**Q** 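The structure's right below; bear with me while I get my questions together.
All figures in this text were calculated on a predicted structure; none of them were measured in a lab. Computed from heavy atoms alone, side chains included, the values below leave out hydrogens, waters and symmetry copies.
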Amino acid sequence: MIERHEVETLLTLAEELHFGRTAERLRVSTARVSQTIRKLERRAGVALFERTSRRVELTPVGRQLVTELRPAWNEMLAAWQRAVDAGRGLTGVLRVGFDGPAAAQLLIGATEEFRRRVPGCEVHVREVQGAEIRERLRAGDIDLCLCPFEEIEADGFTRGPVLVREAYVLAVAAGHPWARRRAVPVAELGDVPVIRLAGAVAPSHEPGPGPAAGTLQEALTLAGIGQGVLPIGAHAQRYHARPDITYVPLADTGPLEWGLIWPVDRTSARIRAFSEAAAASMRDGR
């Protein structure tokens with residue numbers, strides 16, 4: 001009976017046609033590769049490779065053996081990987097939420113990388129409003145969500161690696177006196193109404209009393225009609241450009257951080273794998 005390391009050696013040498021490169025791929029010595037092939041040939045009673053000082057080639061018998069063996073070997077490896085993935089909880093469906101178009105763009109690269117790494121797991125994506133994220137995560141409607149970390153208090157939730165950091169800007173009405181400012185210090189927010197977006201935690205400041213909004217578009221509309229100002233990530237300048245709104249840099253505050261978040265008590269192999277894939281996709285610039 002042919003053993004696993006013998007099959008790996010045979011198929012790898014058939015691809016490389018070079019004992020040194022085969023040894024490097026298998027992380028064994030060249031002598032070990034040569035010994036394994038000689039043992040196979042003795043048991044088969046026929047040469048599988050022709051060797052000269054300049055080249056290595058499959059014999060007709062070796063070529064036929066490799067052709068017939070490779071599909072079965074690939075199927076066996078795939079079956080084994082499926083069993084391992086099932087044991088680790090990597091099969092099934094992963095439901096990923098995202099909040100807004102900026103998160104959607106980040107999610108595309110993360111999902112592509114995850115599917116490449118874990119082809120046996122389906123990814124279902126769903127848009128979720130900021131105010132609904134906590135409730136839908138706890139209810140199990142989604143397994144994790146890609147959003148600004150400011151939208152969810154950390155208590156009871158796990159935050160994955162920071163995927164993106166961006167500056168804060170201030171959304172103000174186009175006719176607001178601040179619309180002509182080069183920047184607004186965060187300390188000045190205590191002197192004006194600050195719109196509160198449900199579910200969001202504003203940057204560190206002492207805000208003045210302002211209206212509450214259930215959705216981002218409602219908040220921007222309130223800002224546009226002059227009922228307050230809205231601190232928001234700089235991505236809004238690209239994804240939420242409006243003629244009634246001017247975005248002004250907000251000075252003296254830390255960055256807004258984006259990443260994945262999920263309930264502490266529901267951490268799974270699928271979630272960890274997706275978080276790792278998202279971080280990898282950002283490192284690779286996808």
Side-chain angles (χ1 to χ4, degrees), residues 96-110 125-136 145-153 159 162-261 282 285-286:
V96 185
F98 68 95
D99 181 14
Q105 290 300 305
L106 295 176
L107 192 61
I108 291 172
V125 297
R126 300 174 182 175
E127 185 172 15
V128 184
Q129 294 290 333
E132 303 173 349
I133 293 174
R134 175 184 290 268
E135 178 182 348
R136 295 189 67 176
C145 188
L146 203 164
C147 61
F149 283 154
E150 69 163 17
E151 295 188 348
I152 297 289
E153 296 284 0
R159 291 179 174 181
V162 174
L163 301 179
V164 170
R165 290 182 174 89
E166 64 174 341
Y168 276 98
V169 296
L170 202 62
V172 303
H176 194 284
W178 286 359
R180 295 182 294 276
R181 298 269 296 269
R182 299 184 68 175
V184 175
V186 69
E188 293 189 26
L189 295 186
D191 301 328
V192 299
V194 176
I195 299 165
R196 300 176 183 272
L197 184 59
V201 180
S204 177
H205 64 276
E206 295 295 332
T215 67
L216 176 57
Q217 290 306 316
E218 182 181 340
L220 290 171
T221 300
L222 290 173
I225 62 177
Q227 291 194 10
V229 298
L230 176 69
I232 191 171
H235 72 277
Q237 298 171 99
R238 175 180 179 183
Y239 294 103
H240 302 288
R242 296 170 48 143
D244 58 330
I245 291 290
T246 297
Y247 294 103
V248 184
L250 187 58
D252 306 322
T253 187
L256 174 61
E257 297 179 334
W258 291 70
L260 290 160
I261 191 164
M282 293 306 300
R286 297 181 187 178

**Q** Within a strict 4.5 Å, meaning less than it, do heavy atoms of the Val192 and Trp178 side chains meet?
**A** yes

**Q** From Glu188 CD over to Leu250 CG, what is the distance, rounded to the nearest 0.5 angstrom?
**A** 10.0 Å

**Q** Can you tell whether the side chains of Glu166 and Arg238 come within less than 4.0 Å, N to carboxylate O?
**A** no

**Q** Heavy-atom count around Gln217 CD within 6.0 Å, excluding the residue itself: above 12?
**A** yes

**Q** Could you state the interatomic distance from SG (Cys147) to CG (Leu107), rounded to the nearest 0.5 Å?
**A** 11.5 Å

**Q** Considering only heavy atoms from C-beta outward, does the side chain of Val172 approach that of Val184 to under 4.5 Å?
**A** no

**Q** Test salt bridge (charged side-chain N to carboxylate O under 4.0 Å, His left out) on Arg126 and Glu132; report intermediate values, then the result.
**A** CA-CA 12 Å; Arg126 300 174 182 175; Glu132 303 173 349; over 6 Å; no

**Q** Just jot down the ring pair (Phe, Tyr, Trp, His ring centres under 6.0 Å) partners of His235, sequence neighbours excluded, or say none.
**A** Trp258

**Q** Measure the shortest side-chain to side-chain distance between Val164 and Met282 over non-hydrogen atoms and say whether it is less than 4.5 angstrom.
**A** yes

**Q** How many angstroms lie between NE2 in His240 and CG in Leu216, if you round to the nearest 0.5 Å?
**A** 4.5 Å

**Q** Would you compute the distance between atom CD of Gln105 and atom CG of Leu146 and round it to the nearest 0.5 angstrom?
**A** 11.5 Å

**Q** Can you give me every donor-acceptor pair (side chain of residues 222-234, partner residue at least two apart or in another chain, under 3.5 Å) with its distance?
**A**
none

**Q** Indicate yes or no for a side-chain donor-acceptor contact from Arg159 to the backbone of Phe149 under 3.5 Å, with no hydrogens or angles considered.
**A** yes

**Q** Locate the shortest heavy-atom distance separating Arg136 from Glu127; write the atom from each residue and the value.
**A** NH1-O, 3.7 Å

**Q** To the nearest 0.5 Å, how far apart are CG in Leu256 and CD in Glu150?
**A** 5.0 Å

**Q** What is the minimum heavy-atom distance between Pro185 and Ala183, and which atoms define it?
**A** CD-O, 4.1 Å

**Q** Can you tell me if Glu218 uses its side chain to pair, donor with acceptor, with the backbone of Gly214 under 3.5 Å?
**A** yes

**Q** Ignoring hydrogens, what is the shortest heavy-atom contact between Ala171 and Ile245? Give both atom names and the distance.
**A** CB-CG2, 4.0 Å

**Q** Between Gly254 and Tyr168, which heavy-atom pair has the shortest distance, and what is it?
**A** O-CD1, 3.3 Å

**Q** Of all the heavy-atom pairs spanning Ala174 and Ala179, show the shortest one and how long it is.
**A** O-CB, 3.5 Å

